[in-house]
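For reference, the structure discussed in these notes is given below.
This is a predicted model, so every value here is computed, not measured. All heavy atoms count here, side chains included; hydrogens, waters and symmetry mates do not. The sequence lines fix the lettering, A, B, ..., with proteins before strands; numbering per chain opens at 1.
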Amino acid sequence: MEERYNPGRVEAKWQEYWSKNEVFKVTTDPSKEKYYLLEMFPYPSGKIHIGHVRNYTIGDVVVRYKRMKGFNVLHPMGWDAFGMPAENAAIDNNTHPAAWTYENISAMRVQLKKMGFSYDWDREIATCRPEYYKWEQWLFLKMLENGMAYRKESFVNWCEKCQTVLANEQVEQDKCWRCSQVVQQKKLWQWFFKITDYAEDLLVHCDKLPGWPDKVTTMQKNWIGKSIGSELKFKIDGQDEDLTVFTTRPDTVFGATFMCLSPEHPLVETLSKGTNQEAVVDAFVQKISNQERSADGIEKYEKEGVFTGAHCINPATKEKIPIYTANFVLMGYGTGAIMSVPAGDQRDFDFARKYGLEIRVVVQPRDAILDFSTMVEAYTGDGVMVNSGQFDGMDNQNAVEVITDWLEENGRGKKAISYRLRDWGISRQRYWGTPIPVIHCPSCGVVPVPEEDLPIRLPEEANLLAKGGSPLPALDYFSKTTCPACGGKDAKRDTDTMDTFMESSWYYLRYCSPRYEEGMFDPAAVKYWAPVDQYIGGVEHAVLHLLYSRYFMRVLNTLGLIDFKEPFTRLLTQGMVCKETMTCPEHGFLFPEEAKKQGDDSLACTRCGKKVEVGRVIKMSKSKKNVVDPNELLEKYGADITRLFCLFAAPPERDLEWSEDGVEGSNRFVNRVWRLAIECMDKIDAASIESFNGAASDLKFQGAKGLYIKANQTIKKVTDDIDKSFHFNTAISAVMELVNAMYTVDIDKADKEMKSVLLFCLENVLLLLSPIIPHFSEELFEKMGKKKTILEHSWPAYRDDSLETDEVLVVVQVNGKLRAKFTIGTDVDEAGIKEMALNDEKIKKYLHEKSLKKIIVIRKKQTLVNIVV
RNA sequence: GCCUGGGUGGCGGAACUGGUAGACGCAAGGGACUUAAAAUCCCUCGAGCAUAUUGCUUGUACGAGUUCAAUUCUCGUCCCAGGUACCA
């Protein structure tokens, strides 16, 4: 027999066996309980990296475990194939997005197969295939038909020099990443989905997802950002029109000394027109239009504003207050206008100080006196109402409701709810994505493409424009068409494509019936398989992808296509695999292999020899090039040791700074098990000795009994770790401990009883390790002469009667400090433990000449005595 | 900035609802086997002190607090990561 485990030979053998026997192919089978496990599908960026390996190994372990538990398991894989990197690669390498993507898919499929993952490859999908995106276009039409999609004007990052729209990622310090031109904000007509219609439902159900990590639902709740407040009406001075603001602090309305409008607010232009502020306001609006207009963006710029020339009337004080326009007010949140209470809001305070506006204290803290002239910052806490007419002296929290009611009686306000969540803009001025199936007709306007004309195919052979622009608008054969409504010849297709989050919002339903041609999915298949029982992916997707998916299921539910609303019953968010970035002054980001160590320990670029700067430790991504390709590990150690190492390194939810130190340990462990198995097979005559399967109490000798109990404890520990917490690192540690215990047995001297226990241990070590290192375990299982493969074997069970030894360790503390330990039988009562603790020689010297205050005895998992003197 | 996490030996990590801090492994040092190497096996391994045998003190980012007892709970501070709506 082989001395050492030979991964090359063994892994190829079992991968072939699995594939030949179609072991991982699944079909709907109502006689079996289904289990749908899904890992987030990868973007085909070229090669898989260690982050993928970690994600997919976690999933594969759970899949193999669930199979052994008797479930009918769906475990598919595919490609999130549309997206910007393909366009960037096409420009950089003078290739084509489609060619690049398909090549990457082929290469990555080979790598995944080498890892031995248990995918049903017959269900593979790629979202860039018309057979897939056809149904996305179909859904878009349904949403349009049902008023779930609409068009409005909104801003994009625009590079004038490249004549193209830039993604946020392509904007570096307000400049274009390709040409360093200052980026402008350009207004375009774009499509939006009314996700805000579901804001409340998405929010409420965050608390009905017990299988999700709290941190993820918390992030989603904060993202949706429900705030309860009031809508107040401020009459514009000299006009009949009202300005409506949303505020969460109606109690401070008496302190509203000015008003701020978002520069995009339609009234900004109207109000300033004809006043002597007109020119100033126009210039300001123009200036702000080049700033990034998002909640994140506004933090980057200095807060500034200008007077519009108009005033409005504070509905509480009836005073005339100036209306400003300011860059920190966003059109997309609330009403695009705020009442400014400088005494109670820091931004308003800064603004008021900067422009010399009035500050009026309306909420006085209970432990200090605020004076508007000496205040250095706003007071946002609670307190007593002042300067607020009939409400003076009231607790401000009570005033919230009372003032709102009062204003409502006067027709100047009402209670209102506002959400931070905005509608989902899905139009992209890009090429490599799903075409939006509408036609623009000069006489009929926006006309949906008739269903029978789907899919609207993306012309895959089209070439990107040099600077990254989409070729679609200029491709007459694509864009020119006849209007389906009036037959007009001068109609044009929408040349925008959809946000790639669309594809990933429903792919898991497509997997249920990937070749179905009558709709998005076969309803019967979805009824059997969906929703996904366990979803696994990076925590980076905690909000966007996961929220969009939840939204899509609500849309499909509303449309009557599915009978559930939540796509993922259980969610595991894996931590990021991180690595430092490296940049060369000449070549930008470098792959790890492109930086070479020099004599003085600094790094040099392998292309130009310039000094490489080592950056922060951040998540692995192709765009930053800080990726580690698993191929080297795979060649040296094989798939199983790579899998084992990834799992042993840290629990899944933890971020991991990548290092290969320690892989030797995994290699050593696997070979240790191999040698142990070979030795057991050589020295234990399997024909005359059977693996032990009784109770620990049936064993005569302490050695065998102890080992048997250890084995049962290990089965329990590994089962719990895989099933309940996904803590594979501690599961592996537990098996290592059992293997170490087995090594202490001298097989040559072992009696029949011990040999029988050893066989039990060996079998279970292989069964417990089989989801983690499947090729290795199959090989040894076969060598042991087992008829069934490990995959057909059921998961081992432990005996409740064989989990505990008959001795308990007692830990004795004096004033909380550990002073002594001893063991007792399980039958000693609390009084007996106390007595033994007090009479212990080591303890006695601490009690000398001191009076006993208290003795605490804890008998839980540990037995502990704390003597307080 | 805001939201969400995280911080434990030289390193990865363990400690389940507060109860022996450092399981398991890596690296390092010492030893055995060997002509040698690889492989394997054994021992040591948080820090400081010591009567250097099993003793004492200290230690889980930092500073306070609650408790008989805090890595675990509360408050504050620092640092790191993820997200921040067009990277996926």
Side-chain angles (χ1 to χ4, degrees), chain A residues 3-4 40 42-43 45 80 82-85 88 156-157 165-171 213-216 218-223 225 294-300 332 420-430 499-501 504 538-545 547-548 573 575-576 578 616-619 621-624 645 648-651 653-657 659-666 668-669 671-672 675 720 724-725 727 729-730 732-737 740 743 809-818 821 842 853-856 858 860-868:
Chain A
E3 284 283 307
R4 285 184 72 82
M40 290 178 185
Y43 178 80
S45 56
D80 188 12
F82 273 140
M84 218 179 43
N88 294 331
V156 293
N157 299 312
V165 173
L166 300 175
N168 290 340
E169 192 192 43
Q170 297 173 312
V171 180
D214 288 342
K215 63 173 172 185
V216 176
T218 306
M219 279 189 262
Q220 294 211 348
K221 282 189 224 170
N222 290 335
W223 185 262
S294 66
D296 176 32
I298 59 172
E299 300 295 338
K300 290 200 278 197
R420 204 187 74 100
L421 182 70
R422 303 200 307 265
D423 278 339
W424 178 11
I426 59 126
S427 294
R428 296 291 180 272
Q429 296 68 42
R430 296 192 204 294
D499 179 4
T500 56
F501 272 123
S504 55
V539 65
E540 53 192 359
H541 295 291
V543 177
L544 293 181
H545 161 58
L547 191 65
Y548 290 146
T573 46
M576 303 283 88
C578 299
R616 293 183 307 142
V617 176
I618 56 169
K619 73 161 172 169
S621 73
K622 188 85 188 289
S623 62
K624 300 283 190 294
F645 176 54
F648 187 57
E653 68 278 7
R654 186 117 140 195
D655 287 343
L656 189 60
E657 185 179 341
S659 154
E660 271 161 42
D661 295 348
V663 66
E664 264 312 321
S666 297
R668 217 170 280 159
F669 172 65
N671 277 292
R672 235 165 111 75
R675 284 196 312 274
D720 288 350
K724 299 199 176 102
S725 64
H727 281 191
N729 57 331
T730 49
I732 294 164
S733 294
V735 181
M736 284 175 168
E737 282 187 51
N740 288 346
Y743 259 100
L809 178 72
V810 180
V811 174
V812 188
Q813 299 178 330
V814 177
N815 287 341
K817 279 183 183 157
L818 177 69
K821 297 177 197 179
K842 284 182 197 149
K853 281 191 191 146
K854 207 179 192 181
I855 302 181
I856 293 152
I858 307 292
K860 286 192 235 166
K861 186 151 186 188
Q862 288 87 7
T863 302
L864 175 142
V865 181
N866 191 8
I867 302 168
V868 188

OP1 or OP2 of C87(B) under 4.0 Å from side-chain N/O of R428(A): no
U74(B) - base-pair partner by Watson-Crick or wobble geometry, distances under 3.5 Å: A64(B)
Nearest-nucleotide comparison on RNA chain B, the residue closer to the 5′ end among E657(A) and Y43(A): E657(A)
A85(B) phosphate, OP1 or OP2, under 4.0 Å from R422(A) side-chain N/O: no
Test side chain to side chain donor-acceptor pair (under 3.5 Å) applied to K724(A) - qualifying residues, sequence neighbours left out: D720(A)
Touch class at under 4.0 angstrom, heavy-atom based, for K817(A) against every strand present: sugar-phosphate
Residue met sooner reading RNA chain B from 5', once N222(A) and S621(A) are mapped to nucleotides: N222(A)
Distance below 4.0 Å between T500(A) side-chain N/O and A88(B) OP1 or OP2: yes
Counterpart base for U84(B), defined by Watson-Crick or G-U wobble contacts under 3.5 Å: G1(B)
Base-pairing assignment for A47(B) (Watson-Crick or G-U wobble, both under 3.5 Å): U57(B)
Sugar-phosphate only, base, or nothing, as touched by D720(A) at under 4.0 Å among non-hydrogen atoms: nothing
Phosphate OP1/OP2 of C3(B): any K221(A) side-chain N/O under 4.0 Å: no
Complement of C33(B), any strand, by Watson-Crick or G-U distances under 3.5 angstrom: none
Rounded C1' spacing from G46(B) to U71(B) in Å: 15 Å
N/O (side chain, N729(A)) to phosphate O (OP1/OP2, A14(B)) under 4.0 Å: yes
Nucleotide nearest P85(A) (side chain, heavy atoms from C-beta), chosen from U20(B), A88(B), G82(B): A88(B)
Sugar-phosphate, base or nothing in reach of S623(A), heavy atoms under 4.0 Å: nothing
C16(B) phosphate, OP1 or OP2, under 4.0 Å from K860(A) side-chain N/O: no
